[in-house]
Amino acid sequence: MKTLVIGGGGREHALALALSRDPNVTEVHAAPGNPGMAACATLHPVDPMDGPAVAALATGLGVDLVVVGPEAPLVGGVADTVREAGVACFGPSAAAARLEGSKAFAKDVMAAAEVPTAMARVCDTDEEVADALDAFGAPYVVKDDGLAAGKGVVVTEDRDEAVAHAKGCVRVVIEEYLDGPEVSLFAITDGETVYPLQPAQDFKRALDADQGPNTGGMGAYTPLPWAPDDLVEDVRRRVLEPTVVEMAHRGAPFSGLLYAGLALTKRGLRVVEFNARFGDPETQALLQRMDSPLGVLLLAAAEGRLHEVDPPTWRGGAAVTVVVAAAGYPESPRKGDVITGVAAADALEGVDVIHAGTATAGDDLVTAGGRVLAVTAVGDSVADARARAYEGVDLIEIDGAHHRTDIAAGV
Ligand code: AMP
Ligand code: GLY
């Protein structure tokens, strides 16, 4: 099987690596990819947002499967264009990706499917915003309705800050604050069959002890030894399956990766958000533990015959990912800083250094994005994997870079 991964971040590197380790996969291509992915894939300088160019690349290479990584091309309909060109594509249609692309749409689907989520109001005017803030009270949760690259959500005790964020959005969703540990649970689906993966946890805030601004994610680990035994079944039954059924019912069947961001509150589980693609950086940890051939699973989902393949199986032990972020991330990440130590970290037993925001400049590897590297390690336990991941992080040097020191601590 020949495959093509669209995108060039940490998630796409993790996908390309896992595909390259699937014995059924003979070729891995990526567009545009990143310098780290060059070790496991052939890179092509094609814009992921350009559907016709992606489809032309796929047909030109004769690939059997295209995997679209990021949300922006999915929401923009790149998967539709690839499928129209006759190539199997893992990733939802633009219509189905609205589950991520519009918070208001996601809330509507959840209400119809009776999926537990935070109470919310969609507001179009300043008065509606003020009323909703007062109705739910602090802490205030204010979400931009559209895609905002991880910057759309503000959670704050400060009413003025909540109002200011709402003013910056065209349409805003204000909702009840959900208290409790967050869990990311992904499912591979073809629009009918739903195969949940293992639960993972992401660390969204920039600084230790969950301080600082929200980011795209500073680290992750899997599995969650503290999670209730019936969590995956519960989420499948109450969240994933009803959502997939509701999307099909609306004529927008969801085929691809359905990401449920959950809060385990005192009053039970609630959906915080849906995403329409693999999570970043949870995927980097998760795929290290997947035993099943990834290409076979994704192709079966893309071809609408997921029931023909077995559900994914998992290796024992655990995986931990620690993100190394550029100076200034998340506000204004600095580009062009030289990165050293990657080869030494990658050579450690059980460690893979996944590239997220890197570029080459002459002979140097340099920073090219906010999240630069995702140092990922496997081990017999979370503690073991964590120790290895931080051993890797310690070998990497980038001027001004920062990382959290408490990823998967005390688990
Ligand atoms: P989202 O983009 O919806 O995932 O929101 C980003 C982050 O904001 C989430 O991972 C949570 O940490 C936080 N968040 C979102 N909605 C809520 C909520 N209703 N209550 C508490 N925290 C939330
Ligand atoms: N890990 C958060 C995200 O992928 O949205």
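Read the numbers this way: they start at 1 and go in the same order the structure lists the ligands and their atoms.
Ion pair Arg315/Asp291 flagged as a salt bridge, since at least one NZ, NE, NH1 or NH2 atom sits closer than 4.0 Å to an Asp/Glu carboxylate oxygen.
Of all non-hydrogen atoms in Ala220 and Ile407, the two that sit nearest each other are N-CG2, 3.8 Å. Smallest separation of non-hydrogen atoms from Ile188 and Phe90: CG2-CE1, 3.9 Å. Minimum heavy-atom separation, Lys107 to Ala120: CE-CB, 3.6 Å. Listed here is the closest heavy atom pair of Ser102 and Asp145: OG-OD1, 3.0 Å.
Counting heavy atoms closer than 4.0 Å to ligand 1, residue Leu178 contributes atoms from both its backbone and its side chain. At a 4.0 Å heavy-atom cut-off, ligand 1 does not touch Asp179 at all. Residue Arg277 touches ligand 2 through its side chain alone, judged by heavy-atom distances below 4.0 Å.
Residue, atom and distance of the protein heavy atom nearest to atom 23 (C) of ligand 1 are Val155 CG2, 3.9 Å. Protein heavy atom closest to atom 17 (C) of ligand 1, with residue, atom name and distance, is Val141 CG1, 3.7 Å. Remark: minimum distance from atom 7 (C) of ligand 1 to any protein heavy atom is reached at Asn214 ND2, 3.9 Å. Of all protein heavy atoms, the one lying nearest to atom 1 (P) of ligand 1 is Glu273 OE1, 3.3 Å.
Side-chain atoms of Thr367 come within 3.5 Å of backbone atoms of Arg334 as a donor-acceptor pair (strictly under, hydrogens ignored).
Of the polar atoms of Glu282, at least one N or O is found under 3.5 Å from an N or O of ligand 2, judged by distance alone. Ligand 2 has no nitrogen or oxygen under 3.5 angstrom from a nitrogen or oxygen of Arg11. Of the N or O atoms in Tyr177, none lie within a sub-3.5 Å distance of an N or O in ligand 1. Any N or O atom pair closer than 3.5 Å counts here, and Glu273 shares no such pair with ligand 2.
Of the N and O atoms on the side chains of Glu282 and Tyr259, at least one donor lies less than 3.5 Å from an acceptor on the other residue. In this structure, a donor-acceptor pair under 3.5 Å is absent between the side chains of Glu71 and Asn275. No hydrogens or angles considered: nothing links the side chains of Arg11 and Gln284 as a donor-acceptor pair under 3.5 Å.
Taking every non-hydrogen atom of Asp202 and a distance limit under 4.0 Å, the qualifying atoms of ligand 2 come out as 1 (N), 2 (C). Every atom of ligand 2 is numbered from 1 in the order shown, and the set under 4.0 Å from a heavy atom of Gly216 is 1 (N), 2 (C). The atoms of ligand 2 that sit less than 4.0 Å from any heavy atom of Asn275 are 5 (O). Those atoms of ligand 1 that come under 4.0 Å of a heavy atom in Lys143, given as number and element, are 3 (O), 15 (C), 16 (N). Below 4.0 Å from some heavy atom of Glu175 lie the following atoms of ligand 1, by number and element: 16 (N), 17 (C), 18 (C), 19 (N).
By the neighbour-count criterion of 12 heavy atoms within 6.0 Å, atom CG of Asp380 is sparsely surrounded, having that number or fewer from other residues, nucleotides or ligands.
By the 4.0 Å heavy-atom criterion, Gly217 is excluded from the residues contacting ligand 2. Proximity of Phe278 to ligand 2 is not established, as no heavy-atom distance is less than 4.0 Å. Taking 4.0 Å as the cut-off, Gly261 does not count as a neighbour of ligand 2 on heavy-atom distance.
When the heavy atoms of Val154, Asp210, Val153 are ranked by distance to atom 6 (C) of ligand 1, first place goes to Val153. Nearest to atom 11 (C) of ligand 1 by heavy atom, out of Glu176, Glu182, Met119, is Glu182.
In this structure, the separation between CE on Met247 and CG on Leu258 is 8.5 Å, given to the nearest 0.5 Å.
Between Leu231 and Leu264, some side-chain heavy-atom pair lies under the 4.5 Å cut-off.
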